[in-house]
Protein chains: 2
Amino acid sequence: MSVSERKEREKEQRRQEILRAAKTVFFRNGFEKTSMEMVAEECQLAKGTLYLYFKSKEELYLSLVEDGIRILDEMMEKTIAKPLRADEKLLALAQTYFRFTQSHNEHFTIFKMIDVGTLNGKVDQEKLDEIQRLRMAAFERMEEVVAEAIRQGAFQTTHKPREIVMMLWAATFGAIMMCADKCQQLDMFKEVHAEKFVMRIASALIESFRTANVQEEPLGRENERKRKTQKTVEETEPQKSF
Amino acid sequence: MSVSERKEREKEQRRQEILRAAKTVFFRNGFEKTSMEMVAEECQLAKGTLYLYFKSKEELYLSLVEDGIRILDEMMEKTIAKPLRADEKLLALAQTYFRFTQSHNEHFTIFKMIDVGTLNGKVDQEKLDEIQRLRMAAFERMEEVVAEAIRQGAFQTTHKPREIVMMLWAATFGAIMMCADKCQQLDMFKEVHAEKFVMRIASALIESFRTANVQEEPLGRENERKRKTQKTVEETEPQKSF
DNA sequence: GTCAAAAACTGACTTGCGGTCAGTCTACCC
DNA sequence: GGGTAGACTGACCGCAAGTCAGTTTTTGAC
């Protein structure tokens, strides 16, 4: 093995060691209440050294989510491997996502920061894009399941698989955000059983894909220019379904 | 008018003036990139003075949301006043919420910070509770509409109105969060028409309340103790609806 | 083994900001 | 007009992110 190879590997080990320390400290105290000094101490390096491996505090913190993405992906993979029908798998996946957020709450906190946009100006777009790419794996898995459900005839929807995944993801995310033990801010959400709540919502959506119904306008943005402004509900033609 | 009364009023005016300045500066630059010095400059006061009216930077920023809550509440009120059936109103309310987030994006950013919990350790719980109370008004309005829908027989659900509102709120929030122009982080969400997307999700949920279906376990937490662990999807009895 | 160049690491220092408080100013009242 | 309460000020403090000149370690040629 050449020297440069070994150096490379050693560098990677240092990086990992820093990540380990960062995980310990950030997950114990939270992002705001952790200083780079604390991380440095945890891995017995000088503060300056951390900056040789990570551009900023935010980038270091953000890097921790990569593990989280991997964990979620594995959990989802297991769920998909179960002997269920494709449409059942989708509900199971919502549950899996929920359970991930409960058992890996600190990782979910980073997810939230990304989705809320807290980290936007503070981290290279490249880094953010890289995270996006990693997250896409999970979406693609789900997309596959949706495609399967359509093939099996369980779904009659006119939406594209990708769109269905987005809907499920968004609604599930919102549900978890609002009522998961460790997240919920609005008092009233404390009264519901979080997992049931999340699954009730996912379930409603899934049911709605079984039949192509009148609500199913295409969701794409292609024709956006054609109408001057979007119609408000009462301006649209009455719809049979309600 | 007594002197003390006038003083009181002047103090309130100062407070308002500070809020005005804070709004200008925070909404232009964002929370992180705004310093208290900048706010002070905008309202031509010394930095120290700001702290006579607001406990911290976070509290000042958070106070700005009160306007946002009022605006949303008014928008919702108008929507509810429209000549629609109760169930139609619920969909219209989702749209209203969406439009609020688009036209008052900065206020929505504060909503997000609250819901994500970014402000938690940094602001008095009291202050947060006060905000909660204000937000409840909107929930209660919606609850009223749901109750109406149930009374009219449009909904056959076994859920409580409050629960239905929570579901709609959570799902709509998630949908907006993921795909609204100014928020979306995941690239794929750029491809959908945000408003249609949001309404498609709300619509699916609303449809699901029309009939009491097998998914409708009670969502309360009362009986939580009875089962050791929550069942995963494939462990539950097969359900007719899928 | 020696030594010089390269690479890795260090921690004192700079910068910027949130928050404080001793001191000043103003308005009111006796 | 003088004394007091309360509003206001801005220099100052502490802290933490990020930098960089200098130190230590590693490497590889001889």
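The chains referred to below are lettered A, B, ... by the order of the sequence lines, with proteins before strands, and numbering in each begins at 1. Every heavy atom of this structure was used, including side-chain atoms; hydrogens, water molecules and symmetry mates were not.
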Point to revise | Sidechain N-carboxylate O distance under 4.0 Å for Arg20(B), Glu17(B) | key: yes
Review point. Can you check the Tyr61(B) OH to dC17(C) P distance for me, whole Å?
Key: 17 Å
Revision key, fill the gap. Residues in residues 25-45 of chain A with a heavy atom under 4.0 Å of DNA chain C, by number, are Leu45(A)
Check your understanding: More than 12 non-hydrogen atoms from neighbouring residues, nucleotides or ligands closer than 6.0 Å to CD on Glu10(B), yes or no?
Key -> yes
**Study point:** Interatomic distance where OH belongs to Tyr53(A) and C1' belongs to dT10(C) [whole Å]
**Key:** 13 Å
Review point. Taking atom P of dC9(C) as reference, at what distance in whole Å does atom CG of Leu50(A) sit?
Key: 11 Å
Check your understanding: Is the backbone of His107(A) close enough, under 3.5 Å, to the side chain of His104(A) for a donor and an acceptor to pair up by distance?
Key -> no
Practice item. Let me know the distance between CG of Leu52(B) and C1' of dG6(D), rounded to the nearest Å. Key: 10 Å
Which atoms of nucleotides 20-23 of chain D (N or O only) lie under 3.5 Å from a protein N or O atom, and what are those distances?
none

Exercise for review: To the nearest Å, give me how far apart CD (Glu10(A)) and C1' (dA8(C)) are.
Suggested key: 11 Å
Check your understanding: Which nucleotide in the set dT9(D), dG18(D), dA7(D) lies at the smallest distance from any side-chain heavy atom of Ala46(B)?
Key -> dT9(D)
Check your understanding: Any idea how Phe189(A) and Phe197(A) line up, ring-wise: parallel (<30°), tilted (30 to 60°), or perpendicular (>60°)?
Key -> perpendicular
Point to revise | Ion pair check, Arg99(A) and Glu195(A), cut-off under 4.0 Å | key: yes
Check your understanding: Counting side-chain heavy atoms from CB outward, which of dC9(C), dG19(C), dG18(D) is closest to Lys57(A)?
Key -> dG18(D)
Review point. Can you tell which of Glu12(B), Arg14(B), Gln13(B) makes a side-chain hydrogen bond (donor to acceptor under 3.5 Å, both in side chains) with Gln16(B)?
Key: Glu12(B)
Practice item. Using whole Å, report how far CD of Glu17(A) lies from P of dC9(C). Key: 12 Å
Exercise for review: Please say whether the positively charged group of Lys57(A), taken as NZ for Lys or CZ for Arg, lies over the ring of Phe31(A), i.e. under 6.0 angstrom from the six-membered ring centre and within 45 degrees of the axis.
Suggested key: yes
Check your understanding: Between dG18(D) atom C1' and Lys122(A) atom NZ, what is the distance in whole Å?
Key -> 13 Å
Exercise for review: Begin with the C-alpha distance, continue with both residues' side-chain angles, and end with the deciding distance and a verdict on side chain to side chain donor-acceptor pair (under 3.5 Å) for Ser63(B) and Lys127(B).
Suggested key: CA-CA 9 Å; Ser63(B) 298; Lys127(B) 182 76 187 176; 3.0 Å; yes
Check your understanding: Are Tyr61(B) and Phe27(B) an aromatic pair by the rule of ring centers under 6.0 Å?
Key -> no
Practice item. Using whole Å, report how far NZ of Lys11(A) lies from P of dT25(D). Key: 18 Å
**Study point:** Donor-acceptor pair under 3.5 Å, Lys47(B) side chain vs dG18(C) base
**Key:** yes
Check your understanding: What is the nucleic acid contact for Phe54(A), judged by heavy atoms within less than 4.0 Å: base, sugar-phosphate only, or nothing?
Key -> nothing
